[in-house]
Amino acid sequence: MASNTDTPDTLNQTMIHRSGNVMRRLIFGQVVSSDFFARNWLAMILGVFMILAYISGKYSCQTKMEEVNRLTRQLEIVNAEFVRCRSRYMGQIRESSMQAMVDSLGLNLGVQENPPYRIKTDK
């Protein structure tokens with residue numbers, strides 16, 4: 001029968017030793033060696049290219065969104081100016097068309113020079 005020499009204490013010690021060893025190798029740069037880069041150079045270049053493409057796309061998207069927001073604000077301003085000019089124009093058209101109709105009917109009516117007065121009566 002095979003005996004199990006690993007007790008819980010020895011397992012914990014080996015785990016601590018391994019994690020310390022990995023941490024030490026990471027600090028001294030032994031986890032990723034130059035051999036790793038030599039074997040995976042194509043994958044590394046593709047990874048860097050994909051990261052740069054992502055950054056470029058995100059920057060492009062943000063600049064386009066800022067331009068859309070700027071143009072939306074400009075459109076709102078132009079629409080408000082359009083409504084104001086249209087209402088002013090329609091007011092002038094109504095007044096002149098009514099004056100032309102009154103003149104064509106020969107009613108001898110004109111535009112009042114003074115504003116109307118409100119007469120108050122005492123009871």
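Along the sequence shown, the residues carry numbers beginning at 1. Only heavy atoms go into these numbers, but all of them, side chains included; no hydrogens, no water, no symmetry mates.
- Counting non-hydrogen atoms of neighbouring residues, nucleotides and ligands closer than 6.0 angstrom, the CG atom of N79 exceeds 12 such neighbours.
- For the atom pair CE (M101) and CG (L107), the distance works out to 8.5 Å, reported to the nearest 0.5 Å.
- We find the CD-CG distance between E66 and L71 to be 12.0 Å, quoted to the nearest 0.5 Å.
- Summarising the local packing, CG of N114 is surrounded by more than 12 heavy atoms from other residues, nucleotides or ligands at distances under 6.0 Å.
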Please tabulate, one pair per line, all N/O donor-acceptor pairs under 3.5 Å involving side-chain atoms of residues 38-65, not counting sequence neighbours.
| unit_1 | atom_1 | unit_2 | atom_2 | d |
| --- | --- | --- | --- | --- |
| R39 | NE | D35 | O | 3.3 |
| N40 | ND2 | F36 | O | 3.3 |
| T63 | OG1 | Y59 | O | 3.2 |
| T63 | OG1 | S60 | O | 2.8 |

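- Taking R94 as the reference, M90 meet the side chain to side chain contact (heavy atoms under 4.5 Å, CB included) condition, with sequence neighbours excluded.
- With sequence neighbours left out, the side chain to side chain contact (heavy atoms under 4.5 Å, CB included) criterion links E81 to R84, C85.
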